[in-house]
Asker: 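Sharing a structure with you now.
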Number of protein chains: 2
Amino acid sequence: MTPATATRTLSTAEQRRAELLEAAVPVFAERGYHAAPTMAIAKAAGISQAYLFRLFPTKAELFAAVTGIASERMLATFREAAARARAAGADPLEAMGQAYGDLLERDRDVLLVQLHSQVAAGAEPLIREAMRRCFRDLYELVARESGAGSQDLQAWFAHGMLCNVMAAIGADALDETWARALTGEEGETE
Amino acid sequence: MTPATATRTLSTAEQRRAELLEAAVPVFAERGYHAAPTMAIAKAAGISQAYLFRLFPTKAELFAAVTGIASERMLATFREAAARARAAGADPLEAMGQAYGDLLERDRDVLLVQLHSQVAAGAEPLIREAMRRCFRDLYELVARESGAGSQDLQAWFAHGMLCNVMAAIGADALDETWARALTGEEGETE
DNA sequence: GCAATGTGTGATTGGTCACTCACTACCGGG
DNA sequence: CCCGGTAGTGAGTGACCAATCACACATTGC
């Protein structure tokens, strides 16, 4: 299998799997779990649909893996933001919140996959597992990096969820009272 | 059309439409917009699939109407809770938060429809419209009844969104640190 | 050189689903 | 009594989609 020349980290199949996953992210992000056809995903990855099913035996497994990718992107963002904040002597929790806001604008796919995973979790056990892992890792990281109490953490996560929903319905593009109040960066008091 | 005997509030077609809507709520709640077949909805309502499409020309329109129903159920709950709180001299905002928690346990469908609507809003303009209306009405009502500032309102809605997500992934049934912290009733400090 | 193993595909298949059409049954008014 | 409109349906239709299968091409160890 692995050739004698020791340093071979990925077999080509694993490489393909990784590529497929990356290509699947935007497709699932745009159309959701049910509405995204495996054909479109395979095409985006530049492989045949048949081979997609060899790399991931079911669509649910593929989607669960994509959920994991989105989770990892968030984790990486938070880790980095916290490190930078600590170096600058700023509040890590606030920095991570800021970083999440930026991430939502920069990498819309992460948000959308997150959202789609939440609903798909209701019906597909594999996806529910992936989502729970996602929250567990996120909570652990944010708690450790920030040192905040559970009450602050709850409020922090709650704010993140509100950001998700507001982004999903495009509230940031609206000029109505409720939309400005709920998307606002918790600054203005009235 | 309407017969001479003045007081005829609903034509039978409107009646059927209302019945269909009520029947559609649990089906959409359980399976989501894409995965819920119109056939199953029609069966639940006791009508033929063909007639369903006469009452609502497209599936998206039907789902948008269901979103509206969920919205109305929430509005009614909040109105009632606020009235009771005001009568008892309690804080209306807190009472409405409590009422939302109760509603999520009593009427799971409302939560699930809410969640499914959020994601479907990304792709279906009709559903996006319905969701925006939902948030507008909700925000207006809660703001009026509570008299709270926009910052408190934002936090209140954020907490509601977190409740939704935690319920969706069944976090309340887990015995892990993160799950207890994020589903907790903002009481315990550590 | 050749078997074995792994990478990759085209064609299909069985099933489902939104939506349509042609049609029947009823009901109130003239 | 019949006529127009409304309630209601059975039987499709075309499109799409997850998953399968049989088969080809490359690489490698022997």
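Values reported hereafter were calculated over all heavy atoms of this structure, with side chains retained and with hydrogens, waters and symmetry mates removed. Chain identifiers are assigned alphabetically (A, B, ...) following the order of the sequence lines, protein sequences preceding nucleic acid strands; residue numbering begins at 1 within each chain.
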Asker: Has Arg16(A) got a side-chain N or O lying under 4.0 Å from the OP1 or OP2 atom of dG8(C)?
Answerer: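 Yes, Arg16(A) has a side-chain N/O under 4.0 Å of OP1/OP2 on dG8(C).
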
Asker: Picking from dA7(D), dA19(D), dA18(C), which would you name as closest to the side chain of Lys59(A)?
Answerer: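 Nearest to the side-chain atoms of Lys59(A), counting from C-beta on, is dA19(D).
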
Asker: Over 60° means perpendicular and under 30° means parallel, so classify the ring planes of Phe63(A) and Phe28(A), tilted if in between.
Answerer: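 Perpendicular.
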
Asker: Given the structure, check if the side chain of Arg54(B) and the base of dG8(D) hold any donor-acceptor pair shorter than 3.5 Å.
Answerer: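 It does, because a donor-acceptor pair links the side chain of Arg54(B) to the base of dG8(D) below 3.5 Å.
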
Asker: Round to a whole Å and report the spacing from CZ of Phe63(A) to P of dA18(D).
Answerer: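 Whole-Å distance recorded here is 13 Å.
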
Asker: Where along residues 29-52 of chain A does a heavy atom fall under 4.0 Å from DNA chain C?
Answerer: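 Residues of residues 29-52 of chain A that come under 4.0 Å of DNA chain C are, in numerical order, Ile47(A), Ser48(A), Ala50(A), Tyr51(A).
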
Asker: Going by the rule salt bridge (Lys or Arg N to Asp or Glu O under 4.0 Å), which residues pair with Arg31(A) if we only count those two or more places apart in sequence or in a different chain?
Answerer: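 Counting only residues at least two positions away or on another chain, Arg31(A) forms no salt bridge (Lys or Arg N to Asp or Glu O under 4.0 Å).
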
Asker: State plainly whether the residues Arg17(B) and Glu61(B) are in salt-bridge range, i.e. N to O under 4.0 Å.
Answerer: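 A salt bridge is absent here (no side-chain N lies under 4.0 Å from a carboxylate O).
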
Asker: Just how far, in rounded Å, is P of dG8(C) from CG of Leu55(A)?
Answerer: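 Distance, rounded to whole Å: 8 Å.
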
Asker: Provide, to the nearest angstrom, the distance between the CD atom belonging to Glu124(A) and the C1' atom belonging to dA18(D).
Answerer: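 These atoms are roughly 12 Å apart.
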
Asker: Looking at Glu145(A) and Arg79(A), does any basic side-chain N land under 4.0 Å from a carboxylate oxygen?
Answerer: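 Salt bridge flag = no for Arg79(A) with Glu145(A).
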
Asker: Return the orientation label for the Phe157(B) and Phe135(B) ring planes: parallel under 30°, perpendicular over 60°, tilted otherwise.
Answerer: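 The rings of Phe157(B) and Phe135(B) sit tilted, inter-plane angle from 30° to 60°.
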
Asker: What is the separation between atom CZ on Phe53(B) and atom C1' on dG8(D), rounded to the nearest whole Å?
Answerer: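 After rounding, the reported distance stands at 16 Å.
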
Asker: Taking CD in Glu94(A) as the centre, count heavy atoms belonging to other residues, nucleotides or ligands within less than 6.0 Å. Is the count above 12?
Answerer: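 Not more than 12 within 6.0 Å, no.
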
